[in-house]
Structure formats: C-alpha cells, structure tokens
Amino acid sequence: MSIHKPPTIKYPVKVQKGNSKKIVYRTIRDIQQLKNNQAVGIARIKNKSQMVRKQGIYWVVV
C-alpha cells in the first residue's frame, strides 16, 4: 500500500531585498492563524527557513 501524501501547494512570496522586489513561489509550512486574524508560516528561501506572513494575496518575509 502506498502512503497518502497531501498535495504540495506553493504560494507566491514577495521577497524584497534593497530596492528590488521579486515574487517567488514557495511551499509554506506550519501555517498558523494568530488571534488578530493573521496567518503566519515558514518558507524555505535560499536554503534558509524564514517566517512569512500573509498580506493580501501574497506572503511577505517577516
């Protein structure tokens, strides 16, 4: 029997470095809903785990 794996969902993450803004698609894990109705999760960007939060239709690095 094969083990069922949940589908991988990639979300757009807006990465801002200096003046440049780039939108990358990353898998966001450990999504938690905070009390003030904000979603916070963890994305791997350049082999580093970074916290991201939902802002509009994008996720931004905290």
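Hydrogens, waters and symmetry mates are skipped; everything else that's a heavy atom, side chains included, is used.
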**Q.** Residues forming a side chain to side chain contact (heavy atoms under 4.5 Å, CB included) with N36, sequence neighbours excluded
**A.** L34, Q38

Q) With side chains defined as the heavy atoms from C-beta onward, is the minimum distance between I45 and R26 less than 4.5 Å? A) yes

**Q.** 4.5 Å side-chain heavy-atom contact, Y11 and I31
**A.** yes

As an exercise, state the distance from [atom1] of [X] to [atom2] of [Y], rounded to the nearest 0.5 Å.
X	Y	atom1	atom2	answer
I42	Q50	CD1	CD	11.0 Å
K21	K14	NZ	NZ	6.0 Å
N37	K54	CG	NZ	11.5 Å

Q: Please lay out, stage by stage, how I28 and V13 fare under the test side chain to side chain contact (heavy atoms under 4.5 Å, CB included).
A: CA-CA 9 Å; I28 298 178; V13 179; 4.0 Å; yes

Q: Could you state whether V61 and V24 fall into the same hydrophobic cluster, counting links through intermediate Ile, Leu, Val, Met, Phe, Trp or Tyr residues with side-chain heavy atoms under 4.5 angstrom apart?
A: yes

Q: Give the cluster check for I23 versus I57: same hydrophobic cluster or not, with ILVMFWY residues linked at side-chain heavy-atom distances below 4.5 Å.
A: yes

Q.
Set out, in order, the CA-CA distance, both residues' side-chain angles and the distance that settles side chain to side chain contact (heavy atoms under 4.5 Å, CB included) for V52 and V40, then state yes or no.
A. CA-CA 6 Å; V52 290; V40 175; over 6 Å; no

Q: Search all heavy atoms of W59 against all heavy atoms of G41 and return the closest pair with its distance.
A: CZ3-N, 3.8 Å

